[in-house]
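Both ligands and their constituent atoms are indexed starting at 1 by order of listing.
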Amino acid sequence: MTRDLTVAEVRLTPILVADPPLLNTQGVHQPYTPRLIVEVVTADGTTGLGETYGDTEYLDLARPLAEHLTGRRVTDVNELFALDLDLAVDASRTGAAVDAGGLRGVRSADKLRLSVLSAFEVACLDAQGRASGLPVHALLGGRVRDSVEYSAYLFYKWAGHPEGVAAEPDDWGAALDPAGVVAQARRFTERHGFTSFKLKGGVFPPEEEIAAVRALAEAFPGRPLRLDPNGAWSVQTALKVAGELGDVLEYLEDPTLGTPAMAEVSAATDVPLATNMCVTTFGEIREAFTRDAVQVVLCDHHYWGGLRNTGHLAAICAAFGVGLSMHSNTHLGISLAAMTQVAATVPNLHHACDSHYPWQAEDVLTERIAFTGGRVAVSDAPGLGVELDRDELARLHRRWAEDDGTLRDRDDAAAMRVADPGWRTPAMPRW
Ligand code: GKR
Ligand code: MG
């Protein structure tokens, strides 16, 4: 029997998800962060799931896109990308030069469009997989590994959000110095078995972060270590850190801002440089690769436009001899499942991927995805292999609906001002 895979309905559900007080160079995570859950329902009753950033500007684009998708088939994913060209994404929607306080790289209309499209693409692939009985990785050409490795994503953090702020408690404790960072890393290994570690830096002066990475190297000898200050350092500072940590770092991630500065650092050190900030779109590849500014690209399938574009990026990286891994922002299990499915198909994935998922105690899945030995098993179940918990989705949506608007857009600087009213987004380079 031929199934009718025409899209009958697209459901968009914005939610707010609990987030611990994780520190970065812009400030601190808000107690709740916005995500958007996309459900694509076909005429024969198959539902595909997708997830992306949930800030207002993403939602504003998702609504017209959902209307355009209705009546088309979930197998016409190329058309989905083409039809989107008709959608007006004017400059006023993208406003500033960088995204989310500077943490997601360049901010352009096209990248915003792709970030929204990625959730629709994933939902269409999930629906195709469910309808055909095939896992998403099979739709992408098949897996080349049966599990995907992730790294422990360490953050400096407070024990809790500031007093008086409505928030969910977490059991990770504070991490504000080398001992705290090592204790957090141990907890990560006990809970999830991770064997490589990334520290989010740019929070304290570089000497303190160098000391934290040294402490990690002593506690976990020979393990891959990364440090990511989100571009907070000058070229000179980046080179100083590279000089001091060169013997223990797998790579330095975005030590400084922009391709020219990254190229300058790269030319003067042997420590590999990784990025999820200066190469976040296809248009940025040529300059960065020809100038040898980066040796590893951390792909975020949301802003690269989905799983098929991730494959295209992987091929370009392979052609240039540039490594590939994956970036992560606060996300739930649908996105982790999507990352894992596509990562399973990429032959040249030689570094453990990032994931914020262990920090998210809440999820919209009936069953959380588990890390075993720091790895996620690649599901061979139809589609993404995950099921939606409708009660939980409704609860997290209620939280979004009841919010007065202050948490519907990520703003780490605003969250920091609650504790430190004088806080301003630091001018870069900060050190
Ligand atoms: O969540 O604080 C954070 C991270 O700093 C995130 O926003 C970054 O986009 O994880 C990201 C990174 O690796 O740069
Ligand atoms: Mg990064």
Do [X] and [Y] form a cation-pi contact, if we require the NZ or CZ to be under 6.0 Å from the six-membered ring centre and within 45 degrees of the ring's axis?
| X | Y | value |
| --- | --- | --- |
| Arg223 | Phe194 | no |
| Arg35 | Tyr53 | yes |
| Arg368 | Tyr357 | yes |

Looking only at atom types and distance, does a side-chain atom of [X] sit under 3.5 Å from a main-chain N or O of [Y], one as donor and one as acceptor?
| X | Y | result |
| --- | --- | --- |
| Gln295 | Asp292 | yes |
| Arg291 | Thr259 | no |
| Ser108 | Lys111 | yes |

- Query: Hey, which protein N/O/S atoms does the Mg ion (ligand 2) have under 2.8 Å?
  - Reply: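 You should have found Asp228 OD2, Glu253 OE2, Asn276 OD1.
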- Evaluation steps, side-chain hydrogen bond (donor to acceptor under 3.5 Å, both in side chains), between Gln360 and His331: CA-CA 8 Å; Gln360 265 45 75; His331 65 86; over 6 Å; no
- Message: So that I can tick it off, tell me whether Arg399 and Glu168 are bridged by a salt bridge, with the cut-off set at under 4.0 angstrom between side-chain N and carboxylate O.
- Response: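 Salt bridge present between Glu168 and Arg399.
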- Message: Angle between ring planes, Phe204 versus Tyr156, binned at 30° and 60°: parallel, tilted or perpendicular?
- Response: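 If you compare the ring of Phe204 with that of Tyr156, the planes turn out perpendicular.
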- Query: Using a 4.0 angstrom limit on heavy atoms, which residues are close to ligand 1?
  - Reply: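 Answer by chain and number: Asn24, His29, Leu103, Tyr153, Phe155, Lys198, Lys200, Asp228, Asn230, Glu253, Asn276, His327, Ser328, Asn329, His356, Arg410.
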